Amino acid sequence: MGEECVFCEIIAGKIPSDIVYQDDKAVVIRDINPQAPIHLLVMPREHIPSLAQIGSDRKDLIGHLIYVANEMASREGLVQRGYRVSVNYGREGGQLVPHIHFHLLGGRQLSGALG
Ligand code: 5GP
Ligand code: ZN
């Protein structure tokens with residue numbers, strides 16, 4: 001568990017959150033400050049700070065997270081409409097929480113790279 005990591009604390013149940021899915025490797029929560037009608041965060045249980053820690057040993061985990069994001073999009077009825085799965089990295093990439101996560105955004109027209 002990452003020290004003082006808000007997502008680790010959510011995963012551990014120490015901070016309340018709207019957890020919409022979990023399995024042995026992944027947890028999905030609703031974003032507290034949604035940027036679209038559907039805004040979920042798909043993250044590993046393991047505390048991995050960012051994309052910088054993704055080596056060949058974690059390719060399967062990243063594939064699983066994308067798979068889960070697709071499943072969530074399906075559950076939320078977004079497949080026909082379309083949706084976005086994105087990950088921010090680093091300061092200029094806009095990453096605020098240092099526990100890797102995929103944003104799943106949908107339910108409105110997203111435009112450009114920023115939506
Ligand atoms: P980042 O900028 O790191 O890619 O995205 C972090 C996201 O986490 C933001 O969209 C922010 O609203 C969300 N977030 C930050 N703290 C919390 C929290 O305590 N609970 C939930 N559900 N979302 C959070
Ligand atoms: Zn963490």
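If you're wondering where the values come from, they're calculated on a predicted model, not measured in any experiment. Whatever order the structure lists them in is the order used to number ligands and atoms, beginning at 1.
- Neither the backbone nor the side chain of D18 comes within 4.0 Å of ligand 1, counting heavy atoms alone.
- Between H99 and F7, the angle of the ring planes goes over 60°, which puts this pair in the perpendicular group of the 30/60° scheme.
- For V68 against A26, the heavy-atom pair with the smallest separation is CG2-CB, 4.3 Å.
- Listed by number with element, the atoms of ligand 1 under 4.0 angstrom from any heavy atom of I29 are 21 (C), 22 (N).
- Looking only at its N/O/S atoms, H47 has ND1 as the one nearest to the Zn ion (ligand 2).
- In V97, the parts holding a heavy atom less than 4.0 Å from any atom of ligand 1 are both the side chain and the backbone.
- Residues R58 and E46 are paired through a salt bridge, judged by an N-O separation under 4.0 Å between the basic side chain and the carboxylate.
- Per residue H99, closest N, O or S atom to the Zn ion (ligand 2): atom name ND1.
- At a threshold of 4.0 Å, the pair E4-K14 does not count as salt-bridged, since none of the basic side-chain nitrogens sits closer than that to a carboxylate oxygen.
- The distance from ligand 1 to the heavy atoms of V6 drops below 4.0 Å at these ligand atoms: 19 (O).
- Within a 6.0 Å radius of CG in D23, other residues, nucleotides and ligands contribute more than 12 heavy atoms.
- Within the 4.0 Å heavy-atom criterion, both parts of I32, backbone and side chain, lie near ligand 1.
- Listed by number with element, the atoms of ligand 1 under 4.0 Å from a non-hydrogen atom of N88 are 1 (P), 2 (O), 4 (O).
- Here F7 has side-chain heavy atoms under 4.0 Å from ligand 1, and that is the only part of it that gets that close.
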